[in-house]
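Both backbone and side-chain heavy atoms feed into the values below; hydrogens, waters and symmetry mates do not. First the proteins, then the strands, lettered A, B, ... as listed; each starts at 1. Given the structure is predicted, the values throughout are model-derived calculations rather than measurements.
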Amino acid sequence: MEKIAYRPESLTKTPFTYCPGCLHGIAHRLIAEAIEEQGLTNKMTGVAPVGCSVFAYKFFNFDMAQAAHGRAPAVATGMKRSRPDMHVFTYQGDGDLAAIGTAEIVHAANRGERISVFFVNNAIYGMTGGQMAPTTLPEMKTTTSPYGRKTDDIGFPIRVSELLATLVAPYYIERVSLLSPTDIIKAKKVVSKAIQYNKEGRGFTFVELISTCPTNWGLDPIKSRDWAKDNMLPFFKPGCFRDKGEGVE
Amino acid sequence: MAKILMKGNEAVAEAAIRSGCRLYFAYPITPQSELIEYMARMMPKVNGTFLQAESEVSAINMVYGAAGCGKRVMTSSSSPGISLKMEGISYIAGAQLPAVIVNVQRGGPGLGDIQPAQGDYFQATKGGGHGDYRLIVMAPASVQEFADMASEAFDLADKYRNPVMILADGMLGQMMEPVEFKPAKTDEEIADMWRQHDSWCICPNEDGDKKHHHEINSLEIDPQVLEKHVNNIYKKYAEIEKNELHFEEYNLSDDNEILCVAWGTASRVVKSAINELTKTGKSVGLIRPINVWPYPYEAIAKAIGPKVKKVYVFELNTGQMLDDVKIAVKGKVPVDFWGKVGGIVFTPAEIKEKLEACF
């Protein structure tokens, strides 16, 4: 009998601690599968952020570090520079990466650090209870934008993939969605490509994954995905912004 | 090996490389720029990593990552930059990682100035970052000692898996003195030093051991677990307080009428004043804490001779180590203090005058 669904060896047996309907579990699984498929489990290491995925170090079944808020790309730089024989990724949310960690991500990308960054964007701070993020959409209500995000006061959401694509060094930058099974199959290919480029030491690889936060959006999981399709995808358009391996500059 | 005339900033960098430091991450700041520039020149020659970070914050987090991989890693800065590193230092202490941080102190607070000062004593010895942790803090008083401390700092960091700070100042960083270096560690010795951390650090799972899962982490969300974690760290600190007291006794005798306590650059000036006073028959002793954490409380108490009328503390700040001296003296004799701030270093004549007024 062929085994078609199983827990990847790159994940520990520790159960995920995410809310019902949260897509972090899917993102973890895609990354773990890609690592396993490319035979990197014993040479891989990752950096967990501060945010909902702060416990990611417990979930991946290889050596992991936990970083201060926003600092994962700097920590990963120290790791990759000291262990060039290992493959390093960071896993970060939008508060971590696009607000407090803006300097770290821009400069790690600009140096062309040979790491992969998986950036989960759900337009909100989840763990601290639903505050406004740099990625929060105009007029979107959060606990710190209770009257809606006012763009004349706090500006517009940051499109991180596009921002990083202005730099010369990054090797691969792509935004995908986790909002439907079709999108997830596409996301798996993109995650795998980032891990493959990482394995080959090509350069800085960045995958933005559009996700949801049913708990803090106050919507059930299905409605959350519909809301994100209608509201996030028009602003955060999926697409490949850089792929030096395929000639996309 | 013959002595070389060298700036403190360069000497500590050379000594760090000789001690097996192969990764260095930092951001430029005066008066430590010669240190980062020396590393930029020399690290590539030993196949080491020199990386100029985008900020002090990033530099210390790169240190966290490299230390988590079990490698000898260092960063350096001066006072305002050290403040920025404090977040990362707290994480390094919490995750129990070995790392060396050099602070070439300058005048503060705020942007202050770029002259020598000792205003970061509280920050270095009493916290600075958040939470319950300690740094081992070494305070050199000469270029030779600054250089020697690099290898001691790495050994202590490895031994206790704790960050170690070398608390120098702009004077020690900038001035040139003859210095003699220890032989450089060989590549084999360095590889052995790295391997000693394989049981806990981030490393490849070469044997494919299914249980291999090392975590570099300072998060313990369960209060009972965090309590145990912090208490365990403090058991380590109790050992450090027992084993790593380091101080110099200068001109101590039962004839001392004044006992001085001074550290780093300030202690050099005090020594000169004591030498002058000795010529005029006035007996003054000095205790110089070399490690300022752990602090030599008992040594200071013991050094108070039968004729000592006063303990006099001299610092290039407004009286920071003074608090520790008061704890050591326990009110047995009066404790007086005189200091200079603004990046101004007092002269032997000024110290002599202060001391003479006590006789």
Given heavy-atom pairs under 4.5 angstrom as the criterion, report whether the side chain, backbone, both or neither of B:I221 touches chain A. side chain
Side-chain H-bond candidate by donor/acceptor type, B:N162 with B:Y237, under 3.5 Å: yes
Quick check for you: among B:V57, B:L51, B:V73, B:T49, which has the greatest number of heavy-atom pairs under 4.5 Å with chain A? B:L51
Does either side chain, that of B:S77 or that of B:K85, offer a donor lying less than 3.5 Å from an acceptor on the other one? no
Run the ring-centre check on A:F16 versus A:H28 and record whether the distance is less than 6.0 Å. yes
Yes or no on salt bridge (Lys or Arg N to Asp or Glu O under 4.0 Å) for B:E14 and B:R18, after CA distance, side-chain angles and deciding distance? CA-CA 6 Å; B:E14 174 62 27; B:R18 284 166 178 267; 2.6 Å; yes
Has the side chain of B:R134 got a donor or acceptor atom that lies under 3.5 Å from a matching backbone atom of B:W293? no
Between A:T12, A:T45, A:T41, which has the largest tally of heavy atom pairs under 4.5 Å with chain B? A:T45
Below 4.5 Å from any heavy atom of chain A, which atoms of B:E215 appear? Answer side chain, backbone, both or neither. both
Proximal component of B:L219, with respect to chain A [non-hydrogen, under 4.5 Å]: both
Heavy-atom distance under 4.5 Å to chain B: side chain of A:F55, backbone, both or neither? side chain
Among the options A:R81, A:K80, A:K58, A:H87, pick out the one with the most heavy-atom pairs lying under 4.5 Å from chain B. A:R81
Under 3.5 Å, is there a donor-acceptor pair between the A:Y18 and A:S53 side chains? no
Say whether B:H197 and B:W200, considering side chains only, have a donor N or O and an acceptor N or O under 3.5 Å apart. yes
What part of A:A76 lies closer than 4.5 angstrom to a heavy atom of chain B: side chain, backbone, both or neither? neither
Tell me, side chain or backbone of A:F62 under 4.5 Å from chain B's heavy atoms, or both, or neither? backbone
